[in-house]
Number of protein chains: 2
Amino acid sequence: MPHHSILDILPEQLRKEAMEKIQVMRFPSGQVLFSAGEHCQGLPLVLKGSVKVQMTGVSGHSIVLYRMGKDDVCTLSIGCLMTGRGYRAEAVVEEEGEAAMIPRGVFDRLMDQSPEFRLGIMESYGRRLDDLMLLVEEVAFHRMDERLEEWLQARASRGVITITHQELAVELGTAREVVSRLLKELERQKMVRLSRGKIELTGLLDSSVLVGA
Amino acid sequence: MPHHSILDILPEQLRKEAMEKIQVMRFPSGQVLFSAGEHCQGLPLVLKGSVKVQMTGVSGHSIVLYRMGKDDVCTLSIGCLMTGRGYRAEAVVEEEGEAAMIPRGVFDRLMDQSPEFRLGIMESYGRRLDDLMLLVEEVAFHRMDERLEEWLQARASRGVITITHQELAVELGTAREVVSRLLKELERQKMVRLSRGKIELTGLLDSSVLVGA
DNA sequence: TGATCGTGTGTGACTTTATCACTGAACTAT
DNA sequence: ATAGTTCAGTGATAAAGTCACACACGATCA
């Protein structure tokens, strides 16, 4: 029995009807849920796990746009579902999990019948828009060293992160060399310890702590 | 009698009801429709003119996120309307025009009653999301000289553009000095002629013409 | 008809980031 | 152990961002 905040708020009758037509899919870490150009079959609701959405530019470079986790709705799919256009980005599973697929017909019906469902969808859209606006500002105006430190902090203020420099470069939308150099500098400052495919955070001092003091 | 594609497709009955509660506002060039932090009173539908939406980062720098023109819906307002949060960006009128303001109650009713209206709203969201995704890619991976040339081309492939370097910098999300230098370089290449507050395009050769040949 | 002031533009010096080209180190599979 | 693959480090150079300041243009006012 799939649980998702946007389904749980539905009135009993509608929820039951919807449940019957919803398929739950499991996805292993690393699986590509959809890639650029593909067409959308239904609206995925993330029940468990985490998925990153990234796009690759004409330049061939990629950047991570946002992540989806439990109780998220795949906002991108809504647009593709309603307009029939293909995806512009791709979604890759980071942490294995499962999603409920809402077929087009059920989606239309829920949008029509349930103000709660509509609100959920609109909120999801609003959040994505916000995320992207913030990302634009981040990419356009923030220094790479600060962005890298923030990323590391957000991921784990202490402990070991398993990621390659290349993947980290995609997270930040920069080049692998840049990440390597910045990390080396952090290592010289004793803030991290580096090894192949791993970054150990040892003494990252969040600069905002100093500034905000 | 206001005309807007999302209203014109409504069934007669609903359209009439809506029209009664909609206020049409005129706005002069330069007017700020809303700014960051403000709360939203209703959903603006652009009937005429053009509006640019820009945000200012913590750094103090600004960047233009997208533009709205005839038949556009102010997507940002939807989110603010439904969640009650304040705007994160600001909207400035570029070309004087007018907008129809849909009050919250009418918006809710239209969303509830009209699949056509819903589709229009969702399409609008989808387009914005696409715009922003493209912008992220553009900002993260494209060279400034190319972006500048593209911007000039898109604006007017020939003729005089009235804009300051500072404003152009905000369009591209960069610094004024960078724009000044790139423009000077274009002037040396006889592609533009510069004067205070004006850029005359003389012989801009779109590189895509050459590449695509 | 200058003098003055606000705004826009030009530019040097320097830092940060991106790109290119390559080396070597670390894991994997045989 | 060896060969192949993926990751990481680094020098050289170009592009872009930052800082500081000079100057140019146009409006206004005495």
Side-chain angles (χ1 to χ4, degrees), chain A residues 30 56-64 135-152 160-189 191-201 207, chain B residues 30 56-64 135-152 160-189 191-201 207:
Chain A
T56 301
V58 284
S59 49
H61 292 130
S62 301
I63 183 171
V64 171
L135 181 59
V136 168
E137 200 265 337
E138 180 105 355
V139 169
F141 303 129
H142 291 334
R143 294 183 38 148
M144 205 44 97
D145 53 357
E146 286 170 10
R147 292 180 56 208
L148 174 59
E149 288 192 37
E150 276 163 24
W151 192 96
L152 292 173
V160 177
I161 302 172
T162 300
I163 193 172
T164 67
H165 296 185
Q166 176 56 52
E167 286 165 336
L168 199 31
V170 170
E171 291 288 333
L172 300 172
T174 184
R176 200 263 316 157
E177 299 91 314
V178 174
V179 171
S180 290
R181 275 193 258 259
L182 291 174
L183 282 173
K184 256 287 162 266
E185 179 57 28
L186 286 181
E187 189 174 45
R188 269 188 285 273
Q189 295 170 23
M191 287 171 162
V192 301
R193 198 154 18 212
L194 302 176
S195 57
R196 187 188 173 90
K198 286 195 175 60
I199 302 171
E200 185 187 351
L201 307 194
S207 59
Chain B
T56 302
V58 284
S59 50
H61 291 129
S62 301
I63 183 171
V64 171
L135 181 60
V136 168
E137 198 265 337
E138 180 105 353
V139 169
F141 303 129
H142 290 340
R143 293 181 38 153
M144 208 38 101
D145 53 356
E146 286 168 11
R147 291 179 56 207
L148 175 59
E149 289 192 37
E150 277 163 23
W151 193 95
L152 292 172
V160 177
I161 302 172
T162 300
I163 194 171
T164 66
H165 296 183
Q166 177 57 52
E167 286 166 335
L168 199 32
V170 169
E171 291 290 332
L172 300 172
T174 183
R176 199 264 315 158
E177 300 91 315
V178 174
V179 171
S180 290
R181 273 193 259 262
L182 290 174
L183 282 174
K184 255 288 163 264
E185 179 57 27
L186 286 182
E187 190 175 45
R188 271 189 283 275
Q189 294 170 23
M191 287 171 161
V192 301
R193 197 152 20 211
L194 302 175
S195 56
R196 190 187 173 88
K198 287 197 175 58
I199 302 171
E200 185 187 350
L201 307 194
S207 59

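Letters A, B, ... are given to chains in the order of the sequence lines, protein chains preceding strands, and every chain is numbered from 1. Everything quoted here is computed from the prediction, not taken from an experiment.
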Inset, instruction - Nearest whole angstrom, please: distance from the C1' of dA14(D) to the CG of Asp145(B). - result: 11 Å
Legend entry - Glu150(A) and His142(A): CA distance, side-chain angles, deciding distance, side chain to side chain donor-acceptor pair (under 3.5 Å) verdict: CA-CA 11 Å; Glu150(A) 276 163 24; His142(A) 291 334; 6.0 Å; no
Inset, instruction - Would you indicate whether the side-chain heavy atoms of Val192(B) and Glu200(B) approach each other to under 4.5 Å? - result: no
Inset, instruction - Nearest whole angstrom, please: distance from the C1' of dA15(D) to the CZ of Arg147(B). - result: 13 Å
Legend entry - Pairs involving residues 175-186 of chain A, ordered by first then second residue, that meet salt bridge (Lys or Arg N to Asp or Glu O under 4.0 Å) (sequence neighbours left out): Lys184(A)-Glu187(A), Glu185(A)-Arg188(A)
Inset, instruction - With a 4.0 Å heavy-atom cut-off, tell me which residues in residues 166-173 of chain B come close to DNA chain D, sorted by residue number. - result: none
Inset, instruction - Not counting sequence neighbours, which residues clear side-chain contact (heavy atoms from CB on, under 4.5 Å) with Arg143(B)? List them please. - result: Asp145(B), Glu146(B)
Inset, instruction - Could you check how far NE2 of His142(B) sits from P of dA16(D), rounded to whole Å? - result: 12 Å
Inset, instruction - May I ask you to test the Leu186(B)-Leu194(B) pair for a side-chain heavy-atom distance under 4.5 Å? - result: no
Inset, instruction - Identify, between Arg143(A) and Glu187(A), the residue whose nearest nucleotide on DNA chain D lies closer to the 5' end. - result: Glu187(A)
Inset, instruction - Would you indicate whether the side-chain heavy atoms of Met144(B) and Val179(B) approach each other to under 4.5 Å? - result: no
Inset, instruction - Evaluate the side-chain proximity of Val160(B) to Ile199(B): yes if any heavy-atom separation is below 4.5 Å, no if none is. - result: no
Legend entry - Nearest-Å distance for atom pair CG/C1', residues Leu182(A) and dG9(D): 13 Å
Legend entry - Earlier contact from the 5' end, DNA chain C, for Ile163(B) and Glu177(A): Ile163(B)
Inset, instruction - Mark yes or no for whether Arg147(B), through its side chain, and Val139(B), through its backbone, hold a donor-acceptor pair below 3.5 Å. - result: no
Inset, instruction - Take the protein atom CD of Glu185(B) and the nucleotide atom C1' of dA14(D), then report the distance between them rounded to whole Å. - result: 14 Å
Legend entry - Interface with DNA chain D, restricted to residues 193-200 of chain B and to heavy atoms under 4.0 Å: Arg196(B)
Legend entry - Length of the line joining Leu183(A):CG and dC7(D):P, which is rounded to integer Å: 15 Å
Just the table, please: protein N/O against nucleotides 1-3 of chain D N/O, every pair under 3.5 Å.
none

Inset, instruction - Please tell me if the side chains of Ile63(A) and Phe141(B) come closer than 4.5 Å, counting only heavy atoms from C-beta onward. - result: yes
Legend entry - Residue pair Leu201(B) / Met191(B), side-chain heavy-atom distance below 4.5 Å: no
Legend entry - Covered region of DNA chain C, 5' end to 3' end, by chain A [heavy atoms, under 4.0 Å]: dT16(C) to dC27(C)
Inset, instruction - Would you check if the side chain of Gln166(B) reaches a backbone N or O of Ala175(B) as a donor-acceptor pair within less than 3.5 Å? - result: no
Inset, instruction - Could you tell me whether the side chain of Trp151(B) reaches within less than 4.5 Å of the side chain of Ile163(B), counting heavy atoms only? - result: yes
Inset, instruction - Measure the shortest side-chain to side-chain distance between Thr174(B) and Leu148(B) over non-hydrogen atoms and say whether it is less than 4.5 angstrom. - result: no
